[in-house]
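Note that these values count all heavy atoms, side chains included, but never hydrogens, waters or copies made by symmetry.
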Amino acid sequence: MSLQSVAGNISTNFQNDIQTTISQAKNFFNNLFGQVQADLSHIWDGGFAGIDQNGLETLKGAIETYCQRIEGVITGFNQNANVEQAFKGPIADACASYVDSVKGLIAAYVSTVRAEKTDAGTAFENYAIGAQQLSQNMVSDSDTIRQQAQSIRIDD
Amino acid sequence: MALNIEGASLGVDASGIQRYITDINTNLVEEACTQLQQGLAELRAATDAVWVGKSAETFKSNMEHDVDSIVSALMESREALVNEIKDLGAKMGEVDENLVQAR
């Protein structure tokens, strides 16, 4: 084999490696952007989705205010004075039991709403964790892109 | 002065029944429903100020569902109570009518 053909083979192989690397990098980018486009389809119809983490305590405060407002209805109803204008005797007790059951229903509802404060807090936490994980994935992907780009540099 | 509901240990007062029903309706059931629904509107606004997206919509929808459920329960229980009270009042009236046979 002549020196010229060896040099020609080396040059050809070098060009092939460059083309292979560029092709791999292009595939990587295409896959990455294809994935991003697919993920965009999960964003809800409103277009924007996000939280204000600083506003979580304000939301919890609003929920608590709401609970106290509803509880105020329970404490504000003086059943003893009211039923005795209509009934005296065991029937009055039966009516009072009904009112107690209504109050119990409202109290159970308020308890459920208070639990929503915890749900909101958990949702906000998970949102932040999810965003952090996504950003870490992007950093990792960026590193890979940088490495891919570095490998096709032919100038020093 | 004749005995009235205030001084009685057993008894029923027809106008008192009506006032009691109105009281239950206005000051307990309707007041609760009003506070539930008005309060919910404020809660929706508070949520929108800090949280937007599918999860926020589900959160608000869950609260609305709970309010609808309890309002329905209150309305149904009020209707049942009002019917029961009226029925009791009528039956106590019958008891009174039949306590002493006229000669």
Side-chain angles (χ1 to χ4, degrees), chain A residues 42-63 65-74 76-79 81-92 94-95 97-99 101-103 105-106 108-110 112-113 116 119-120 123-124 126-127, chain B residues 5-24 27-36 38-40 42-59 62-63 66-67 69-71 73-74 77-78 80-81 84-85 88-89 91-92:
Chain A
H42 290 294
I43 294 182
W44 75 302
D45 294 339
F48 165 72
I51 60 172
D52 172 9
Q53 287 171 284
N54 295 328
L56 175 59
E57 291 308 312
T58 304
L59 176 58
K60 285 183 176 179
I63 293 173
T65 298
Y66 175 71
C67 290
Q68 290 176 11
R69 185 174 178 171
I70 304 306
E71 283 174 332
V73 176
I74 301 173
F77 186 76
N78 185 350
Q79 65 178 33
N82 292 336
V83 73
E84 287 179 357
Q85 68 186 323
F87 295 107
K88 281 288 179 67
I91 296 173
C95 289
S97 293
Y98 162 78
V99 174
S101 70
V102 170
K103 289 184 174 185
L105 178 66
I106 294 174
Y109 167 73
V110 168
T112 304
V113 174
E116 296 285 356
D119 286 353
F124 273 47
N126 288 342
Y127 207 115
Chain B
I5 193 69
E6 278 184 41
S9 56
L10 277 174
V12 59
D13 183 289
S15 57
I17 287 176
Q18 199 50 55
R19 283 196 300 274
Y20 181 57
I21 288 173
T22 302
D23 224 358
I24 292 268
N27 295 330
L28 185 61
V29 176
E30 285 192 0
E31 178 63 12
C33 291
T34 298
Q35 293 301 328
L36 283 164
Q38 282 181 357
L40 182 65
E42 290 173 16
L43 261 186
R44 272 196 229 105
T47 303
D48 287 342
V50 301
W51 193 359
V52 177
K54 184 68 172 75
S55 54
E57 291 303 304
T58 303
F59 182 78
N62 286 345
M63 287 196 296
D66 289 346
V67 166
S69 296
I70 191 167
V71 166
L74 287 172
S77 65
R78 177 191 55 189
L81 175 71
E84 190 70 20
I85 288 173
L88 280 169
K91 283 178 178 168
M92 285 197 67

So, the part of Glu42(B) with a heavy atom under 4.5 Å from chain A: the answer is side chain
>> In the structure I gave you, are the side-chain heavy atoms of Val50(B) and Leu56(A) within less than 4.5 Å of one another anywhere?
In response: no
Comparing Leu59(A), Ile63(A), Val73(A) against chain B, the one with the most heavy-atom pairs below 4.5 Å turns out to be Val73(A)
Turns out that what part of Thr65(A) lies under 4.5 Å from chain B's heavy atoms comes down to neither
Per-residue tally against chain B (heavy atom, under 4.5 Å) across Ala86(A), Gly61(A), Ala62(A) peaks at Ala86(A)
Whatever's closer than 4.5 Å to a heavy atom in chain A on Thr47(B) counts as both
Quiz item: Under a 4.5 Å cut-off applied to non-hydrogen side-chain atoms, are Gln85(A) and Asp13(B) in contact?
Solution: no
The interface call for Ile24(B) against chain A, heavy-atom contacts under 4.5 Å, is both
Between the CZ atom in Phe87(A) and the CD1 atom in Ile17(B), the distance rounded to the nearest 0.5 Å is 4.0 Å
If one checks every heavy atom of Gln18(B) against chain A at 4.5 Å, the contacting part turns out to be neither
**Prompt:** Does Gln68(A) CD have over 12 foreign heavy atoms under 6.0 Å away?
**Reply:** yes
Under 4.5 Å to a heavy atom of chain B? For Ala108(A) that would be neither
| message | Determine whether a donor-acceptor pair (N or O, by modelled atom type, separation under 3.5 Å) exists between the side chain of Tyr66(A) and the backbone of Leu36(B). | response | yes
